[in-house]
Amino acid sequence: MIITLKDGSKKEYDKPMSVIDIAKDLSEGLARMAAVGEVDGEKVDLRYVIDKDCELNIHTVSDPEGLAAYRHTTSHIMAQAVKRLYPDAKLAIGPSIADGFYYDMDRETPFTSEDLEKIEAEMKKIVKEDLPIVRFTKPRAEAIAFMKERQEPYKVELIEDLPEDAEISFYQQGEFVDLCAGPHLMSTKPVKAFKLTSLAGAYWRGNEHNKMLTRIYGTAFPKKADLDEYLTMIEEAKKRDHRKLGRELGLFMMHDAGPGFPFFLPKGMILKNTLLDYWHELHNKNGYQEISTPIMLNRSLWETSGHWDHYKNNMYTTVIDEQDFAIKPMNCPGGILVYQSEPRSYRDLPLRMGELGLVHRHEKSGQLHGLMRVRCFTQDDAHIFMTPEQIKDEIKGVARLIDEVYSLFGFKYHVELSTRPEDSMGSDEDWEMATDGLRSALDDLGLDYVVNEGDGAFYGPKIDFHLQDSIGRTWQCGTIQLDFQLPLRFNLEYTGADGEKHRPIMIHRVAFGSIERFIGILIEHFAGAFPTWLAPVQVKVLPISDKYAEYGEKVLQALKDAGIRAEIDTRSEKIGYKIREAQTQKIPYMLIAGAKEEEENLVAVRSRKDGDLGQKSLDDFITAVKEEIRTRAK
């Protein structure tokens with residue numbers, strides 16, 4: 001048999017070989033680091049025996065695929081430890097996830113943080129036991145009986161949902177057996193650096209009508225240094241939690257009167273409006289026309305768009321004059337109605353329409369999280385209507401705009417191109433043209449990108465921008481989606497140069513994504529210490545005592561007259577206390593006003609970033625800060 005490796009080279013063997021044996025034949029170093037194999041695109045265990053020609057890729061723990069298997073194995077080790085310590089616990093599901101793994105469990109007595117310490121200790125014992133991890137299968141009926149005998153009702157339910165003729169796979173390590181598709185490591189021994197991080201509630205199968213289970217979260221890394229770095233990041237993330245800082249800095253609040261509906265406080269509104277001012281400036285510069293569409297539209301529109309059939313459970317609906325209406329979960333249908341409001345010619349295209357639209361989506365209560373997951377948010381949508389020939393240039397323009405936004409805030413980012421999924425609409429020719437347009441635009445811009453095969457929307461391919469914040473976390477915010485379905489559903493047209501009717505192609509795109517979520521990300525990225533142009537309060541005036549309050553008020557007025565957002569602290573407190581409190585409020589500049597400053601029309605300047613900057617004339621300080629704001633300096 002001939003094995004074709006990732007680099008295109010070929011190896012020939014005269015007998016069946018396991019993946020691990022092929023790895024040893026290639027390199028002892030590769031065999032030591034190997035985690036899983038990939039045979040003709042299918043992930044397999046290293047024990048898997050190959051007996052025919054195929055393409056083989058061997059993933060190490062340094063690869064995403066290998067790390068996922070490493071973490072999945074750790075979740076099984078955790079489940080085994082739980083069953084040893086708490087035999088009455090019932091197991092649900094335990095996958096690897098982006099930054100670790102979790103396992104959902106049902107136990108009459110809730111788990112505590114002290115339990116996590118005991119479970120970790122037992123996990124270390126299981127690792128030392130170096131238990132082989134072996135896969136076996138059973139027919140569906142036998143698998144159901146097997147799990148019933150082991151008193152695992154959640155596993156039984158999962159198997160019962162599988163087809164009658166399915167061959168059900170299990171993994172065993174020592175006395176522990178779990179229903180699982182795999183793949184896994186060959187034994188428990190390689191798993192060394194792990195940590196159980198938190199407990200949470202999770203409905204069985206994500207359905208709020210089902211029983212609430214306990215979800216134990218954990219993470220695992222091949223090296224202890226990587227684990228330590230991750231745990232340090234988690235601790236830093238807790239300090240930066242936007243919910244905590246949002247409350248302390250007076251930016252926003254949540255209330256039981258409206259779960260998932262944020263209240264922006266005065267300082268939060270300054271922050272939000274400053275962002276929106278930048279949005280307006282950026283879009284005017286890039287040739288967008290701003291529109292505003294109704295927050296509520298009738299059922300027939302949402303049926304035409306497909307949302308009534310595919311998204312109704314996430315929509316808020318009502319009845320007006322015996323007719324069904326829905327509050328919009330997305331802005332696109334309204335933008336399409338604006339396009340349809342008058343005849344369009346090829347000379348009108350590309351037509352770029354931007355909207356800061358307030359949308360509502362019914363998120364489950366357990367998924368709500370500060371500003372990151374809400375039920376009401378402002379989406380900075382834009383919809384671009386264009387000819388096929390304009391795809392490439394429009395994509396490049398949007399990518400440049402998104403790059404400008406992320407660069408301003410100091411975000412690094414990576415790009416993913418998602419291609420046609422199995423369940424899609426449109427012709428092969430349309431998909432090929434659209435995907436080539438996206439790919440060509442990214443190539444022209446020199447942007448590195450990863451291709452996610454089959455992960456596009458059903459109506460067209462897309463580009464996603466994943467930004468990285470100051471402590472290394474990634475967030476998906478910007479997106480560019482090509483859409484053939486809505487122009488078809490709404491029968492959109494333009495008159496071409498040939499005098500005939502043609503259907504435009506539509507781009508959906510966001511830069512911030514949700515304004516509310518982006519503010520949450522910014523709070524955590526800057527730890528509340530916003531750059532001066534964005535800070536709700538840019539300067540705090542601090543008179544040394546009541547004697548200099550009048551001069552302080554004069555300084556305050558000069559700042560306000562110059563368009564600088566400023567406050568004064570006239571309380572009868574010591575100056576050291578006032579400075580510490582202004583620092584706690586993350587204010588970029590403090591101006592201390594005392595006898596010498598009043599006498600010579602000076603201010604003593606303290607910078608949040610650079611500390612004591614000494615005395616300066618008030619005019620010079622104002623000039624410098626105005627320039628810092630004008631240039632939106634980081």
Inset, instruction - Anything under 30° is parallel, anything over 60° is perpendicular, the rest tilted; go ahead and classify F146 against F170. - result: perpendicular

Legend entry - Side-chain ion pair, R243 and D241, N-O less than 4.0 Å: yes

Inset, instruction - May I ask you to decide if A98's main-chain N or O and R71's side chain share a donor-acceptor pair within less than 3.5 Å? - result: yes

Legend entry - For R205, the option from N210, D161, D104 that meets side-chain hydrogen bond (donor to acceptor under 3.5 Å, both in side chains): D161

Legend entry - Under-4.0 Å salt bridge between R107 and D115: yes

Inset, instruction - Would you tell me whether Q80 and E122 have side-chain atoms, one donor and one acceptor, within less than 3.5 Å of each other? - result: no

Legend entry - Parallel, tilted or perpendicular: rings of F411 and F518 (30°, 60°): perpendicular

Legend entry - Contact check, side chains of M105 and V82, non-hydrogen atoms, under 4.5 Å: yes

Legend entry - Which atom of P183 lies closest to which atom of V36, heavy atoms considered: CG-CG1, 3.6 Å

Inset, instruction - Inspect the surroundings of CD in E175 and state if more than 12 heavy atoms from other residues, nucleotides or ligands are less than 6.0 Å away. - result: yes

Legend entry - Nearest atoms (heavy-atom pairs only) where P222 meets Y70: CA-OH, 3.7 Å

Legend entry - Crowding at NZ, K195 (>12 non-hydrogen neighbours, <6.0 Å): no

Legend entry - Positive for side chain to side chain contact (heavy atoms under 4.5 Å, CB included) with L271, one of L534, L249, L265: L534

Legend entry - Residue pair R375 / H360, side-chain heavy-atom distance below 4.5 Å: no

Legend entry - Considering all heavy atoms, the nearest A31-I20 contact: O-CD1, 3.9 Å

Inset, instruction - Evaluate the side-chain proximity of D165 to R140: yes if any heavy-atom separation is below 4.5 Å, no if none is. - result: no

Inset, instruction - Fit a plane to each ring of F111 and Y86, take the angle between them on a 0 to 90° scale, and name the class: parallel (under 30°), tilted (30 to 60°) or perpendicular (over 60°). - result: perpendicular

Inset, instruction - Can you see which heavy atom on V19 is nearest to which on G37, and at what distance? - result: CG1-CA, 4.0 Å

Inset, instruction - Verify the neighbour count for atom CG of D7: are there more than 12 heavy atoms of other residues, nucleotides or ligands below 6.0 Å? - result: yes

Legend entry - Lys NZ or Arg CZ of R361 over Y316 ring: under 6.0 Å, within 45°: no

Inset, instruction - Kindly indicate whether the side chain of I216, heavy atoms from C-beta on, has any atom under 4.5 Å from the side chain of I119. - result: yes

Inset, instruction - For residues C376 and F261, report the shortest heavy-atom separation together with the two atoms involved. - result: CB-CD2, 3.4 Å

Inset, instruction - State whether a side-chain donor-acceptor pair under 3.5 Å links T137 with E167. - result: yes

Inset, instruction - Would you kindly say whether D178 and Y103 are connected by a side-chain donor-acceptor distance under 3.5 Å? - result: yes

Legend entry - Heavy-atom side-chain proximity of I402 to I480 below 4.5 angstrom: yes

Legend entry - Option passing side chain to side chain contact (heavy atoms under 4.5 Å, CB included) with K83 (candidates D88, L91, V177): L91

Legend entry - Under-4.0 Å salt bridge between K462 and D455: no

Legend entry - R420 side-chain N/O to G456 backbone N/O, donor-acceptor pair under 3.5 Å: no

Legend entry - NZ/NE/NH1/NH2 to OD/OE distance under 4.0 Å, E129 and R84: yes

Inset, instruction - Would you please say whether a donor-acceptor pair under 3.5 Å links the side chains of E453 and T419? - result: yes

Legend entry - Distance under 6.0 Å and angle within 45° of ring axis: R215 vs Y102: yes

Inset, instruction - Using a strict 4.0 Å threshold on nitrogen-to-oxygen distance, state whether R373 and E363 make a salt bridge. - result: yes

Legend entry - Pair D99, T219: side-chain N/O donor-acceptor within cut-off below 3.5 Å: no

Inset, instruction - Please say whether more than 12 non-hydrogen atoms of neighbouring residues, nucleotides or ligands are located less than 6.0 Å from CD in E229. - result: no

Legend entry - Nearest heavy-atom neighbours spanning A220 and T74: CB-OG1, 3.6 Å

Legend entry - Sole candidate of H242, R240, K239 that passes side-chain hydrogen bond (donor to acceptor under 3.5 Å, both in side chains) when paired with E524: H242

Inset, instruction - Could you check if a side-chain atom of R47 sits within less than 4.5 angstrom of a side-chain atom of S18, using non-hydrogen atoms only? - result: no

